[in-house]
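Heads up: the structure comes next, in C-alpha cells.
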Amino acid sequence: MIHLGDYNTLTIDHAAEQGLYLAGDEQTGDILLPQRYVTPQMQVGDQVEVFIYLDQQERIIATTEQPLARVGQFAFLQVAWTNQYGAFLNWGLMKDLFCPFREQKQRMERGKGYIVYVKEDETTHRLMATAKVEKYLGTPQEDEEKFPTHGQTCDCLIWQKTDLGFKAIVDNRYQGQLYDNQIFQPLRTGDRFTAYIDHVRQDGKIDITMQPTGHRQTLDFAQVLLRYLHENDGRCNLGDNSPAELIADRFQVSKKTFKRAIGDLYRRRLIVITDEGIRLASE
C-alpha cells in the first residue's frame, strides 16, 4: 500500500525518457521518479526509498528530496507565498504545502514562520497543513504503553510564548510546558531540542525541563563544572552565594543545580571552596 505524504520503499519497474517508473499499487499504478532525481546507480529491479506526494497537476509523484515534515508530524514552516485561497509553506519540496484560510488561526503572512500539522485532507486527499494543532495533540493517558515518565528524554518543539514560559509539542504527540525558571538560553518558536519529562499533569499536559532532573542532573553538571575548572586554570569565581543570573549566564543551569554539583565535587574531595569561589583540590 502506498502511503501518501510519507516515505515508501518501491521497486524500479522500468525506465523512460522522463525518469524511472516505480511499481505502485492497484490504486496508484506506476509512480514516476522524475529524471532530476535519478542517479546512475539506480537500475531496473532495484528498490529505492522515496517520498510520495502530489505534483502541481495533483498527480502522484516520487522524489528523493527530504521534506521538513511528513503526514502526521508537526513542524515550523515558513510562508513562501499567499493568494486568495490561503498560504503556501516551504517544506523542502518543489511544490509548496498549502494551508487554506480555514486552517489558519490568524492570517498567515509571507516570510513568517508558523507551527503547523501536516495531514491528508479527508475529502480531496490532497496534502495540506493546518495551524490548528491542538486538534491533533493527544494526552499520555491515551497511550498507556508509551506513558512518559519522570526524567525520560523527549523531543521538544517550541510552540508559542506564554506568561509562564513556552508551550511546546512533546514527542510529536503531547502538549508540554517549559517554565521560565527552567530556561537558561534564548528560545523562539520553532526551536527543537532534546528535553526531559518532569511531571505529567492530570489534564494530560506535560511539564518539561531543558536539563536532566534530580541526581542525574547533578552528576551530569558536576562533570561539566569539573571540565570548566581544568580548562580555566583550576578556578571559578562563582560559588554558593553567587547570583543565580550570573550562574545561568555562564553555565545555563539553575543555582540549585550549581550548588548541588559543588557539593558533589566537594564530597569527592575534587574541589576546595574559598571566599572567591571554588578551585581544584590539586591547585
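Positions are given from 1, in the same order as the sequence printed here.
Between I169 and I115 there is a side-chain heavy-atom pair separated by less than 4.5 Å. Side-chain contact between R260 and T257: absent, with no pair of heavy atoms (C-beta onward) separated by less than 4.5 Å. Side chains of C99 and Q104 form a contact here, defined as non-hydrogen atoms less than 4.5 Å apart. Using a 4.5 Å heavy-atom threshold, the side chains of E103 and M108 count as separate. Proximity of I60 to I52: side-chain heavy atoms (C-beta onward) are separated by under 4.5 Å at one or more points. By the 4.5 Å heavy-atom criterion applied to side chains, Q78 and L89 are not counted as neighbours. For the pair L246/L238, a side-chain contact is recorded, criterion being any heavy-atom separation below 4.5 Å from C-beta on. Using a 4.5 Å heavy-atom cutoff, the side chains of L164 and Q177 are in contact.
Contact check on K167 versus E134 returns no salt bridge, with no Lys/Arg side-chain nitrogen under 4.0 Å from an Asp/Glu carboxylate oxygen. The pair D121-R102 meets the salt-bridge criterion, since a charged nitrogen lies less than 4.0 angstrom from a carboxylate oxygen. In summary, R268 and D264 engage in a salt bridge, as defined by a charged side-chain N under 4.0 Å from a carboxylate O. Ion pairing between R235 and D233 fails under the 4.0 Å rule for side-chain N and carboxylate O. Salt-bridge annotation for E245 and R250: absent, with no side-chain N of the basic residue lying under 4.0 Å from a carboxylate O of the acidic one.
For residues 63-84, the set of pairs meeting the salt bridge (charged side-chain N to carboxylate O under 4.0 Å, His left out) definition, not counting sequence neighbours, comprises D6-R70. Here side chain to side chain donor-acceptor pair (under 3.5 Å) pairs that include residues 154-166, with residues two or more places apart or in two chains, are D155-R192.
Criterion: ILVMFWY side-chain heavy atoms under 4.5 Å apart, direct or through other members. Under it, F101 and M128 are not part of a common hydrophobic cluster. In the hydrophobic cluster analysis, where Ile, Leu, Val, Met, Phe, Trp and Tyr join through side-chain heavy atoms closer than 4.5 angstrom, L68 is grouped together with V71. Two different hydrophobic clusters hold F88 and V118 under the rule that ILVMFWY side chains link at heavy-atom gaps under 4.5 Å. Each of F193 and L157 belongs to its own hydrophobic cluster when Ile, Leu, Val, Met, Phe, Trp and Tyr are linked at side-chain heavy-atom distances under 4.5 angstrom. The hydrophobic cluster containing Y7 does not contain L32, counting ILVMFWY residues as joined when their side-chain heavy atoms lie under 4.5 angstrom apart, directly or transitively.
A distance of 8.5 Å separates CD of Q35 from CD of E17, quoted to the nearest 0.5 Å. Atom OH of residue Y114 and atom CG of residue L77 lie 12.0 Å apart, to the nearest 0.5 angstrom. To the nearest 0.5 Å, the span separating OG1 on T63 from CG on D55 amounts to 11.5 Å. Atom CD of Q202 and atom NZ of K205 lie 12.5 Å apart (nearest 0.5 Å). The line from CD1 of I278 to CG of L270 is 10.5 Å long, rounded to the nearest 0.5 Å. Taken to the nearest 0.5 Å, the CG atom of D171 stands 5.5 Å off from the SG atom of C154.
Partner of D25 under the side chain to side chain contact (heavy atoms under 4.5 Å, CB included) criterion, out of I2, L10, I31: I2 alone.
Of all the heavy atoms in D30 and A23, the pair that sits closest is OD1-CA, 3.7 Å. What you find for T209 and L178 is that their closest heavy atoms are CA-CD1, 3.9 Å. A pairwise comparison of heavy atoms in K119 and Y136 identifies NZ-OH, 3.0 Å as the closest pair. Shown here for N241 and K255, the closest heavy-atom pair between the two residues is C-NZ, 4.0 Å. The two atoms that bring A15 and L20 nearest to each other are CB-CD2, 3.6 Å, heavy atoms only. In terms of heavy atoms, D240 sits closest to K259 at OD1-CG, 3.8 Å.
For the residue pair W91 and D96, no side-chain donor N or O sits within less than 3.5 Å of a side-chain acceptor on the partner.
Formation of a donor-acceptor pair under 3.5 Å by the D46 side chain with backbone atoms of Q43 is found in this model. The closest donor-acceptor contact from the side chain of N90 to the backbone of L97 lies at 3.5 Å or more, if one exists at all. Of the possible polar contacts, none joining the Q47 side chain to the I12 backbone as a donor-acceptor pair under 3.5 Å is found. When atom types are taken as modelled, the side chain of Y228 and the backbone of Q223 share no donor-acceptor pair closer than 3.5 angstrom. Side chain of N8 to backbone of H3: a donor-acceptor contact under 3.5 angstrom is found. A distance-only check finds no donor-acceptor pair linking the side chain of K105 to the backbone of V133 [under 3.5 Å].
The ring of F98 has its center no closer than 6.0 angstrom to the ring center of Y85.
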Original post:
Under the side chain to side chain contact (heavy atoms under 4.5 Å, CB included) criterion, do Y174 and L137 qualify, and how do the steps go?
Top reply: CA-CA 5 Å; Y174 313 121; L137 291 168; 5.8 Å; no
**OP:** Take V48 and M42, measure what side chain to side chain contact (heavy atoms under 4.5 Å, CB included) needs, and give me the verdict at the end.
**Re:** CA-CA 8 Å; V48 292; M42 295 179 181; 4.3 Å; yes
Original post:
side chain to side chain contact (heavy atoms under 4.5 Å, CB included) between I208 and C156: does it pass, once the steps are laid out?
Top reply: CA-CA 9 Å; I208 59 176; C156 172; 3.6 Å; yes
Subject >> Derivation of the side chain to side chain contact (heavy atoms under 4.5 Å, CB included) call for I206 and R201 >> reply: CA-CA 6 Å; I206 300 175; R201 290 152 41 183; over 6 Å; no
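Residue Q84 qualifies as enclosed at atom CD: its count of foreign heavy atoms under 6.0 Å is above 12. Surrounding CD of Q57 are more than 12 heavy atoms belonging to other residues, nucleotides or ligands, all under 6.0 Å away. More than 12 heavy-atom neighbours from other residues, nucleotides or ligands sit within 6.0 angstrom of OH on Y179.
Under the 30°/60° scheme for interplanar angles, the aromatic rings of Y117 and F74 are found to be tilted.
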